[in-house]
Participant: 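I'd like to ask some things about the structure below.
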Amino acid sequence: MAKEKEMHAGHRERMTEKLIENGHWIFNDHEILEILLFFSIPRKNVNETAHLLLGQFGTLQGVLDADISDLCSVEGIGMKSALLIKVVAAISARASAPVQDKRQALSSFDSVSKYLASLFQGEGREKLYMISLSPAYKVISKKLIFTGTVAYSEANVEKIAREAVKSNARYVIIAHNHPHGVAIPSDTDIESTMRLSEVLKHIDVELIDHFVVAGRRVTPIIHYPESLRFTEKK
């Protein structure tokens, strides 16, 4: 048992030295996860646990996007390890997000797509956001409207309308994510988006589009399926 512990300790030292000397690209995905788990599981071989995580969630991004409860369902992963993984996911999302939201102009599908993919990166739960834009399409504010299975109730429509007025928005973008699905809108998504668009028109606010986000895929609802191109405003 003592010899096994000594070999295990040596393995961790070799892995960390290899990381310092060569950077992370030299490692396989399970090895990077293994090194991360060193910090939450100090006295156990975590190689198998890293393999189980990838087997359960498919990719490194899948592991980062997973819910805490789903992470804890993997053998060997407790709350401490699950929280560590989610903190890494949050840091990654913040580091890749736009540095200055209020300086960001969302005037093309490419700019909107990158902004929303970064906004939802690492999210394991379904969320609905609204982004208020100025007449020059610059971000004024972003607001979390709902968490959980997105429900298009009258209360949420009113909340979006109130936030649009409060932020003095000229344009609004709505987006929700499908954490474990595909970026394809449902019939309910389409119907509720059209209803919201009509409500906002009454307060002189234009809904540019409602987007569905799944990973790096971003799909507009108003222009779906006729065109996946964002219609740039003149």
Participant: Give the minimum heavy-atom separation between Ala214 and Val182, together with the two atoms involved.
Facilitator: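 Nearest heavy atoms, Ala214 then Val182: CB-C, 3.7 Å.
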Participant: Test question: given the 4.5 Å side-chain rule for I, L, V, M, F, W and Y, name all other residues clustered with Trp25, or answer none.
Facilitator: none
Participant: Give a yes or no on whether the backbone of Lys127 and the side-chain of Asn177 come within a donor-acceptor separation of less than 3.5 Å.
Facilitator: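 Yes, because the side chain of Asn177 sits within donor-acceptor range (under 3.5 Å) of the backbone of Lys127.
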Participant: State the NZ-CD1 distance between Lys18 and Ile35, to the nearest 0.5 angstrom.
Facilitator: 8.5 Å
Participant: Go through Val63 and Ile85 one step at a time and tell me if the side chain to side chain contact (heavy atoms under 4.5 Å, CB included) criterion holds.
Facilitator: CA-CA 8 Å; Val63 174; Ile85 290 169; 4.0 Å; yes
Participant: Any chance you could measure Lys114, atom NZ, to Ser108, atom OG, to the nearest 0.5 Å?
Facilitator: 8.5 Å
Participant: I'd like to know if the side chain of Asp209 reaches the main chain of Ile173, judged simply by a donor and an acceptor atom lying under 3.5 Å from each other, with no hydrogens or angles considered.
Facilitator: no
Participant: Determine whether more than 12 heavy atoms belonging to other residues, nucleotides or ligands lie under 6.0 Å from atom CG of Asp187.
Facilitator: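 Atom CG in Asp187 is not packed in, count stays at 12 or less.
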Participant: So for atom CD, which belongs to Glu17, do other residues, nucleotides or ligands contribute more than 12 heavy atoms lying within a distance under 6.0 Å?
Facilitator: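 Correct, the count exceeds 12.
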Participant: Mind checking ring-ring contact (aromatic ring centres under 6.0 Å, His included) for Tyr129 and listing every partner two or more places apart, or none if nothing turns up?
Facilitator: Phe120
Participant: I need the minimum non-hydrogen distance between Ala164 and Leu200, along with the two atoms involved.
Facilitator: CB-CD2, 4.4 Å
Participant: State yes or no: do Leu207 and Met194 share one hydrophobic cluster built from I, L, V, M, F, W and Y residues joined by side-chain heavy-atom distances below 4.5 Å, directly or via other members?
Facilitator: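 Yes.
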Participant: Which heavy atom in Leu196 sits nearest to a heavy atom in Val157, and how many Å separate them?
Facilitator: CD1-CG1, 4.0 Å
Participant: Rounded to the nearest 0.5 Å, what separates atom CG in Asn28 from atom CD1 in Ile32?
Facilitator: 9.5 Å
Participant: To the nearest 0.5 Å, what is the distance between NE2 on His24 and CG on Leu19?
Facilitator: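 If I round to the nearest 0.5 Å, the distance is 8.5 Å.
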Participant: Would you say Ile20 ends up clustered with Phe38 if hydrophobic residues are merged whenever their side chains have heavy atoms under 4.5 Å apart, either directly or through other cluster members?
Facilitator: no
Participant: For a quick test of reading the model, state the closest non-hydrogen atom pair linking Arg216 to Ser113 and the distance between them.
Facilitator: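 That closest heavy-atom pairing would be O-OG, 4.4 Å.
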Participant: Using the rule that Ile, Leu, Val, Met, Phe, Trp and Tyr join whenever any side-chain heavy atoms are under 4.5 Å apart, tell me whether Phe39 and Leu33 fall into a single cluster.
Facilitator: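 Yes; tracing contacts between hydrophobic side chains, which count when under 4.5 Å, links both residues.
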Participant: So which atom in Arg170 and which in Asp204 form the shortest heavy-atom distance, rounded to 0.1 Å?
Facilitator: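 Where Arg170 meets Asp204 most closely, the heavy atoms are NH1-O, 3.6 Å.
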Participant: What residues form a side-chain hydrogen bond (donor to acceptor under 3.5 Å, both in side chains) with Ser40, not counting sequence neighbours?
Facilitator: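 Here the qualifying residues are Ser81.
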Participant: When rounded to the nearest 0.5 angstrom, what is the spacing between NE2 in His11 and OG1 in Thr16?
Facilitator: 9.5 Å
Participant: Walk me through whether Lys86 and Ile68 qualify under side chain to side chain contact (heavy atoms under 4.5 Å, CB included).
Facilitator: CA-CA 7 Å; Lys86 295 309 294 182; Ile68 286 181; 3.6 Å; yes
Participant: Are side-chain heavy atoms of Leu133 and Val172 found at a separation under 4.5 Å?
Facilitator: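 Contact flag for Leu133/Val172 side chains = no.
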Participant: Does Val88 share a hydrophobic cluster with Ile41, counting links as ILVMFWY side-chain heavy atoms below 4.5 Å and allowing steps through other members?
Facilitator: yes
Participant: Using a 4.5 Å cut-off on heavy atoms from C-beta on, say whether the side chain of Lys142 contacts that of Tyr115.
Facilitator: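 Contact flag for Tyr115/Lys142 side chains = yes.
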Participant: Which word best sums up how the rings of Tyr171 and Tyr137 line up, parallel for under 30°, tilted for 30 to 60°, or perpendicular for over 60°?
Facilitator: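 Plane angle under 30°, so parallel.
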Participant: Using side-chain heavy atoms (C-beta onward) and a distance below 4.5 Å, is Ser132 in contact with Val139?
Facilitator: no
Participant: Scan side-chain atoms only and decide if Asp189 and Ser186 contain a donor-acceptor pair under the 3.5 Å cut-off.
Facilitator: yes
Participant: Does the pair Ile131 and Leu116 meet the rule for a side chain to side chain contact (heavy atoms under 4.5 Å, CB included), with working shown?
Facilitator: CA-CA 10 Å; Ile131 296 94; Leu116 295 179; 3.9 Å; yes
Participant: Would you please classify the geometry between the His210 ring and the His176 ring as parallel, tilted or perpendicular, with 30° and 60° separating the classes?
Facilitator: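 Perpendicular, since the angle between the ring planes exceeds 60°.
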Participant: Would you name the heavy atoms of Ala183 and Arg217 that are closest together and state the gap between them?
Facilitator: CB-O, 3.7 Å
Participant: State plainly whether one hydrophobic cluster holds both Val74 and Met79, where clusters connect Ile, Leu, Val, Met, Phe, Trp and Tyr through side-chain heavy atoms under 4.5 angstrom apart.
Facilitator: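 Per the 4.5 Å side-chain linkage, Val74 and Met79 are not co-clustered.
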Participant: Heavy-atom distance under 4.5 Å between the side chains of Gln121 and Ser92, does that happen here?
Facilitator: yes
Participant: Got Leu54 and Thr59 here, is their nearest side-chain heavy-atom distance under 4.5 Å?
Facilitator: no
Participant: With distance as the sole criterion, is a donor-acceptor pair present between the side chains of Asn47 and Glu34 under 3.5 Å?
Facilitator: yes
Participant: Kindly indicate whether the side chain of Glu191, heavy atoms from C-beta on, has any atom under 4.5 Å from the side chain of Arg195.
Facilitator: no
Participant: Apply side chain to side chain contact (heavy atoms under 4.5 Å, CB included) to Ile174 and Thr193, showing your working.
Facilitator: CA-CA 9 Å; Ile174 303 297; Thr193 299; over 6 Å; no
Participant: Looking only at atom types and distance, does a side-chain atom of Arg125 sit under 3.5 Å from a main-chain N or O of Pro179, one as donor and one as acceptor?
Facilitator: no
Participant: Report yes if some heavy atom in the side chain of Ile203 is under 4.5 Å from a heavy atom in the side chain of Val165; otherwise report no.
Facilitator: yes
Participant: Salt bridge between Lys159 and Glu163, side-chain N to carboxylate O under 4.0 Å?
Facilitator: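 No.
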Participant: Do the side chains of Ser141 and Lys143 get nearer than 4.5 Å, heavy atoms only?
Facilitator: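 Lys143 vs Ser141: side chains apart.
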Participant: Which distance, rounded to the nearest 0.5 Å, do you find between the CG of Leu144 and the CG of Leu128?
Facilitator: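 Between Leu144 CG and Leu128 CG, I get 8.0 Å after rounding to 0.5 Å.
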